[in-house]
Amino acid sequence: MDPILEGAVEVRSHLGPDDERTLADDVLDGLTRPLKELPPKHLYDARGSELFEAICELPEYYQTRTERSILQAHADDIAARTGAVELVELGSGSATKTRVLLDAMAAAGTLARYVPVDVSASTVHAVAELFADEYDGMSVYGLVADFERHLERLPEPIGPRLVPFLGGTIGNFPPGSRRRFLRSLGKVLGPDGHLLLGTDLVKDPHVIEAAYNDSTGVTAQFNLNVLHVVNRELGANFDVDAFEHVAFFDREREWIEMRLRATEPQRVRVEALDLEVDFAAREEMRTEISAKFTADRLRGDLAAAGMELVELFTDPDELFAVSLARVA
Ligand code: AVJ
């Protein structure tokens, strides 16, 4: 728990032994429901993160490159309008996107501190070192913590704060907890801080569905990988070959649903939970929702969280949005 001091770099850890229970809890909870479910956060072990990186490069997955181009086009404007002196990064963001924002703040002459937050200590140390070296005079306060639960452990702002939450990850939250999470983000912004929220936009369902059913099957591997995670971490015996990837756009709720479908009846034992679970033939288990947004939905969610939309940046084809918001 001791802070590690390396010049201007300081890293604090807030994770304890209890935090390892989340997978076990989620699996027990999710597999004993009538509609089985595993939360998407467990898709990202080392292999899952690699597969996700590969997804970001897929021709069908327009989100990553579109968001990057929006950020590149508007980063200077964002830095000027927010006057941000510090950047709080929730979850291991991509170094490219972080750099676009840090560069703009450095060019504006305001950049003073970078605050990376991640559950992985090695990730926090790596990005802390990387960016401390690259940006002269910038201090780093790294936090090893789960940003869904430990936001109150962030340091006090040292001035106007910019909090990017990019990639469309907010879409993984079901509507109620999405608004709750946004409200907790509002609390860390402070009176003069800004949230920079990346969201995928509602569009032709075929374009959206193609992004989650790529022709090379990388997304299918990414989805199926969660079964390997549960097998390895909890001593389960999922027959991964007896499940198939399903992803469809729910046109009413306007979200993507990713599921795993059992191709044959199967009984799965989860050793660590002393649990046995039956899957019927063709039974589906939900592994992710990924909500798509309209400007109205964004305004509504932000308002429900006590925030207001300052500016919505989008691309010429209106595929993706990066929104600047502040506490109302
Ligand atoms: C990282 C949550 C934004 O929902 O598009 C990609 C994850 N899932 N392909 C998304 C994902 C399937 C991604 N997010």
Side-chain angles (χ1 to χ4, degrees), residues 26 37-68 70-71 89-98 118-120 123 146-148 164-175 177-178 181-182 185 195-229 243-250 253-261 284-293 297-298 301 315 319-323:
D26 289 346
E37 180 163 22
L38 291 174
K41 65 191 277 197
H42 306 300
L43 291 161
Y44 301 88
D45 66 340
R47 167 114 181 101
S49 301
E50 252 173 55
L51 288 166
F52 178 65
E53 297 283 307
I55 287 173
C56 292
E57 305 289 320
L58 292 170
E60 295 96 334
Y61 199 76
Y62 56 85
Q63 286 94 318
T64 311
R65 61 176 175 273
T66 308
E67 184 181 57
R68 193 190 309 127
I70 297 169
L71 284 176
E89 177 159 75
L90 305 173
S92 50
S94 91
T96 319
K97 290 177 200 168
T98 309
D118 199 274
V119 284
S120 155
T123 299
D146 180 347
F147 65 75
E148 280 189 52
F165 196 66
L166 298 171
T169 305
I170 191 68
N172 277 175
F173 292 83
S177 45
R178 182 198 306 157
F181 178 65
L182 284 174
L185 286 184
L195 170 67
L196 192 63
L197 188 66
T199 52
D200 198 7
L201 294 175
V202 172
K203 61 183 70 62
D204 178 354
H206 299 102
V207 174
I208 302 177
E209 285 178 342
Y212 295 85
N213 291 285
D214 64 278
S215 58
T216 49
V218 179
T219 309
Q221 286 183 61
F222 171 69
N223 193 7
L224 287 161
N225 179 60
V226 76
L227 300 179
H228 290 295
V229 172
F243 283 86
E244 61 191 9
H245 167 72
V246 176
F248 63 94
F249 185 59
D250 181 325
R253 298 190 176 88
E254 297 190 307
W255 67 42
I256 275 282
E257 237 177 271
M258 236 183 23
R259 298 179 174 186
L260 289 168
R261 180 192 292 142
E284 294 178 3
M285 168 165 67
R286 186 160 79 176
T287 50
E288 180 180 59
I289 65 164
S290 184
K292 308 306 164 192
F293 291 77
R297 175 165 299 144
L298 272 163
D301 284 344
D315 54 291
L319 296 174
F320 201 90
V322 174
S323 302

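Order of listing sets the numbers, starting from 1, for every ligand and every atom in it. Predicted model, so just to flag it, every value in this text is computed and none were measured.
Here the closest non-hydrogen pair linking Ala247 and Met258 is CB-CG, 4.1 Å. Shown here for Val119 and Asp146, the closest heavy-atom pair between the two residues is CG1-CA, 3.6 Å.
For ligand 1, the atoms closer than 4.0 angstrom to any heavy atom of Phe52 are 1 (C), 6 (C), 7 (C), 13 (C). Numbered from 1 in the order shown, with element, the atoms of ligand 1 that lie under 4.0 Å from a heavy atom of Thr169 read 3 (C). The atoms of ligand 1 that sit less than 4.0 Å from any heavy atom of Gly167 are 3 (C). Within the listing of ligand 1, atoms 4 (O), 5 (O), 10 (C) sit less than 4.0 angstrom from a heavy atom of Ser290. Residue Tyr212 has at least one heavy-atom neighbour below 4.0 Å for each of these atoms of ligand 1: 4 (O), 5 (O), 6 (C), 8 (N), 9 (N), 10 (C), 12 (C). The Tyr61 neighbourhood of ligand 1 comprises atoms 3 (C), 5 (O), 6 (C), 10 (C), 13 (C), with distances under 4.0 Å to a heavy atom of that residue.
With no hydrogens or angles considered, a side-chain donor-acceptor pair links Asp214 and Thr219 at under 3.5 Å.
Between Phe181 and Phe147, the ring planes are tilted. Angles from 30° to 60° get that label. Taking the six-membered ring where tryptophan is involved, the planes of Phe222 and Phe52 are tilted, since the angle between them lies from 30° to 60°.
At a 4.0 Å heavy-atom cut-off, ligand 1 touches Tyr44 through the side chain alone.
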